[in-house]
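Following: one structure in structure tokens, then a few remarks.
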Protein chains: 4
Amino acid sequence: MEQDKLATKKKVIETALTLFKINGYQGTSVRDISKKANVNIATISYYFKGKQGLLEHIIVDFLEGYIEILDKHCLSLYDKNANLILMNLVGEVLNYYFLKKEYASIFYRELTIDSVFIREIMMTYLARERYTFTQIYDAIRMSNAKLTMPFSVFFVQLKSFLSTPYLFPGYLNEVLYIQQNDLYFFERYKEYVEKWIESLFDMDERLVTRVELSS
Amino acid sequence: MEQDKLATKKKVIETALTLFKINGYQGTSVRDISKKANVNIATISYYFKGKQGLLEHIIVDFLEGYIEILDKHCLSLYDKNANLILMNLVGEVLNYYFLKKEYASIFYRELTIDSVFIREIMMTYLARERYTFTQIYDAIRMSNAKLTMPFSVFFVQLKSFLSTPYLFPGYLNEVLYIQQNDLYFFERYKEYVEKWIESLFDMDERLVTRVELSS
Amino acid sequence: MEQDKLATKKKVIETALTLFKINGYQGTSVRDISKKANVNIATISYYFKGKQGLLEHIIVDFLEGYIEILDKHCLSLYDKNANLILMNLVGEVLNYYFLKKEYASIFYRELTIDSVFIREIMMTYLARERYTFTQIYDAIRMSNAKLTMPFSVFFVQLKSFLSTPYLFPGYLNEVLYIQQNDLYFFERYKEYVEKWIESLFDMDERLVTRVELSS
Amino acid sequence: MEQDKLATKKKVIETALTLFKINGYQGTSVRDISKKANVNIATISYYFKGKQGLLEHIIVDFLEGYIEILDKHCLSLYDKNANLILMNLVGEVLNYYFLKKEYASIFYRELTIDSVFIREIMMTYLARERYTFTQIYDAIRMSNAKLTMPFSVFFVQLKSFLSTPYLFPGYLNEVLYIQQNDLYFFERYKEYVEKWIESLFDMDERLVTRVELSS
DNA sequence: TATGAATGAGTGTTCATTCAT
DNA sequence: AATGAATGAACACTCATTCAT
């Protein structure tokens, strides 16, 4: 019984993940989900108190795991080198997104809409995210005079690297022939995100160096 | 009368831009638009052959301007230095997006959905975009052995830089306090996008250099 | 066109009157109405902004006519004999109810429910009704020492006489074989309501007289 | 355990009484009842074979007590004075209603709806009620030539006096500030119902008397 | 040319009930 | 004996669109 319950609930969630990712939350009807998941339409309201509750469940699930990662890395902030923490953190986040790709797609797309109720929930988590990254950023800055990029720019660019692969799966597939499961691409992608992070810390030095070399 | 017609049409488009940006295409009803624009509900179907036609109009308008920029810069591909072309092109694109921010928001969000009818139209333009950037990228690569990053990674990261500020206007505002019209932020943002581009071309050298220095 | 519009609207109202009266507001679905009226289901929302709006329309229509009668009679309150005014007023109200019997049925039944939104609207009118009857009652009392019945009792009993024939049409029909259109019954009913009113004014005298006679 | 069962059943009934009275039968869902009564939703179907069964239980309970009173008084019909029997009967019925006010409210409101399933059951009892009152009325008429009012009018007016205080509890409260438990009001109300009954029997005489007096 | 009336298809949600446990 | 899971049917309502005028 407990098994069956979980099975039905899980089936609904997985179907919702698929359909929300493809058609968007607004573009998916509860009837679509119930039909594809082969469950009664009332089941969705029964378990999640409506369509919105289902989205909420998905978003919160995703964000809980995300915040957990942030917290874990943030704990070691004064033991380890901040650069290293950032690098590890970003690596783990990219892995997390890769594993929960549907969640990431849905989450980032909903973040795109201003008026969605879910925004309120998101914002709580995202304020914490921002706080974590601010701490790390400040720690780096204190020990590294080379980091001149303002936090806002740094953060927006970092977030853009993290989100983009999950925001345009169809586009990546059709225009660049990158499959959502293409491990090779994601490894390379991660590698260059890390290089970008590295480059932030001695960008000026590099520039100086380059000038010297070119002279 | 011709004036009135244009005025009405324009009013509809501007209202649609506002509402599509805030609530998304799916989250906006023609009733909403007609009410806010203070025009009759049938007007939209009359002028744009339906809600979809209105979106199409907006997307195509945006993409036409975009492709024009791409084409213009591509023309000088064999006259000028490819690095420089890329830099100028990206700068102009960022300006274009800044000027047409609602269009950019709407366009990129719709690109997010797999099943949008407009996708077909978009894809035509996006194939051309890809082609243009491939050409530039190849030209750079030929003359610069330092560029080892695969095209796909380069292109995804570039696109992510271009799109992100327009994809999350609400988030940027509420979490990072960046207004959509914050010229200062966008200038700095552009600056660092350009630095990122620069960094791509001698990234390896930098790495080598760094190794040397650290030894 | 104007004719057609009115025709459709009227058809909806009349069907709603019939069904609300038989099955109650809650027991009638908009589908039932639309089906019986042979109009599209969306028409109801189009004209009345939803099922509740339809009920509201009906109730307000009924109450407007009712209040008009009250106001008209109240105007002559200091010209004519108050007893006479009450008598005439009650007579006209009974006629009004008889003519708008479906309205009366629906109105009084909805008044029965505590939580219906419409209550708010009703209450405005009903406060005015109470005020009118208070004025008349006070005027009578001032000139007639025989009227000892408290206003509240008087008013409740009067209202009960007015409403009952419309509250239980089915019961009256099935148990007492009184048809809703049975003019003979309603004439007699009215006659005895008037007698009841008369009896109020010299009830004490009568009691005294009776005592005398029985001695 | 038997105690618990009774307790649960009673809790359900009492909650149903409250909610049916406030929102009506149609306006109350079994979910509402089960939630408010803090019992499982299936309990209601389990004990009463569905929502309708619950209503039936309530109505029948109310009517059984009512009919019992009628029968008791009717037994003495040929021993005592019919006028007196009527007076006593009405007094006791008013008391019964006062004690079972929620039942009375629910019963009379449901009587209002033509299509209620329970109607059949109700009608059986109401036919007996009518029969009883016909007997009493005929007995009075035989011995009192003054009673000219037709039975139907008499009965409708009597019923209207009995039911009204329970049909509009909210209205009485909000417009006339009469609480459902206001014993003072109900005593006065009863008093004047009885006076009305008295007045029926010598109404003509009174009229004659009055004429004489005014001459 | 421009619009109000009207619509059929579809929306998310709630309903009372059933049934295996 | 009592319940949580699950359901099919119905709910009121909104949707984008059409069409006569």
Side-chain angles (χ1 to χ4, degrees), chain A residues 1-9 11-12 25-34 38-55, chain B residues 1-2 4-5 8-9 26-34 39-55, chain C residues 1-9 11-12 25-34 38-54, chain D residues 1-2 4-5 8-9 26-34 39-54:
Chain A
M1 198 174 89
E2 191 62 18
Q3 286 290 16
D4 284 355
K5 174 182 167 179
L6 287 174
T8 301
K9 213 175 164 180
K11 203 160 50 172
V12 169
Y25 170 73
Q26 304 243 41
T28 306
S29 75
V30 289
R31 246 171 211 85
D32 292 341
I33 298 170
S34 75
N38 204 31
V39 300
N40 186 277
I41 192 174
T43 306
I44 290 162
S45 277
Y46 179 70
Y47 278 119
F48 304 99
K49 310 201 177 195
K51 189 189 175 190
Q52 197 182 117
L54 177 51
L55 176 61
Chain B
M1 205 169 88
E2 189 63 19
D4 285 355
K5 178 179 164 176
T8 300
K9 219 174 157 179
Q26 303 244 41
T28 306
S29 73
V30 289
R31 211 169 246 87
D32 292 340
I33 298 170
S34 74
V39 301
N40 184 276
I41 191 171
T43 307
I44 290 162
S45 279
Y46 181 69
Y47 278 126
F48 302 98
K49 312 204 176 194
K51 187 188 175 189
Q52 198 184 120
L54 178 52
L55 176 61
Chain C
M1 199 173 91
E2 190 63 18
Q3 286 290 17
D4 285 355
K5 174 182 168 180
L6 286 174
T8 301
K9 213 175 164 181
K11 202 160 51 171
V12 170
Y25 170 72
Q26 303 244 40
T28 306
S29 75
V30 289
R31 236 173 221 86
D32 292 341
I33 299 170
S34 75
N38 204 30
V39 301
N40 187 277
I41 191 172
T43 306
I44 290 162
S45 276
Y46 178 70
Y47 278 119
F48 303 98
K49 309 200 177 195
K51 188 190 175 188
Q52 198 182 120
L54 178 50
Chain D
M1 205 170 87
E2 190 62 20
D4 285 356
K5 179 179 166 178
T8 301
K9 219 175 158 179
Q26 304 244 39
T28 306
S29 73
V30 288
R31 211 169 246 88
D32 292 340
I33 299 170
S34 74
V39 301
N40 185 278
I41 190 171
T43 306
I44 290 161
S45 279
Y46 181 70
Y47 279 125
F48 303 98
K49 312 206 175 193
K51 188 189 175 189
Q52 198 184 120
L54 178 52

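Keep in mind that what you see is a predicted model, and the values were worked out from it rather than measured.
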Distance from D/Lys51 atom NZ to D/Arg31 atom CZ, nearest 0.5 Å?
11.5 Å

Roughly how far, to the nearest 0.5 Å, is the CG atom of A/Leu55 from the OG1 atom of A/Thr28?
10.0 Å

Atom [atom1] of [X] to atom [atom2] of [N]: distance rounded to whole Å?
| X | N | atom1 | atom2 | result |
| --- | --- | --- | --- | --- |
| A/Ile33 | F/dT7 | CD1 | P | 15 Å |
| D/Gln26 | F/dA12 | CD | P | 11 Å |
| B/Tyr47 | F/dA16 | OH | C1' | 19 Å |
| A/Phe48 | F/dA5 | CZ | P | 12 Å |

Mind running side-chain contact (heavy atoms from CB on, under 4.5 Å) on A/Phe48 and A/Val12 for me, showing each step along the way?
CA-CA 10 Å; A/Phe48 304 99; A/Val12 169; 3.6 Å; yes

Should D/Thr43 be listed as having a side-chain N or O under 4.0 Å from OP1 or OP2 of F/dT3?
yes

Scan nucleotides 13-15 of chain E against the protein and return all N/O pairs shorter than 3.5 Å with their distances rounded to 0.1 Å.
residue: E/dT13; atom: OP2; partner: A/Lys51; partner atom: N; Å: 2.7

Show, in sequence, the C-alpha distance, side-chain angles and deciding distance for D/Tyr47 and D/Thr8, and conclude whether the side-chain contact (heavy atoms from CB on, under 4.5 Å) test is met.
CA-CA 9 Å; D/Tyr47 279 125; D/Thr8 301; 3.9 Å; yes

Could you report the tightest heavy-atom contact between A/Asn38 and A/Lys11, atom names first, then the distance?
O-NZ, 4.4 Å

Hey, are the side chains of B/Ser34 and B/Ile44 touching, using non-hydrogen atoms and a 4.5 Å cut-off?
yes

Show your working on side-chain contact (heavy atoms from CB on, under 4.5 Å) between C/Gln52 and C/Tyr25 and close with a plain yes or no.
CA-CA 9 Å; C/Gln52 198 182 120; C/Tyr25 170 72; 3.5 Å; yes

Checking B/Val30 against B/Leu54 for the side-chain contact (heavy atoms from CB on, under 4.5 Å) test, could you report, in this order, the C-alpha distance in whole Å, the side-chain angles of both residues, the deciding distance, and whether it holds?
CA-CA 10 Å; B/Val30 289; B/Leu54 178 52; over 6 Å; no

DNA chain F: stems of at least 3 consecutive Watson-Crick or G-U pairs whose donor-acceptor distances fall under 3.5 Å
E:2-21 with F:2-21

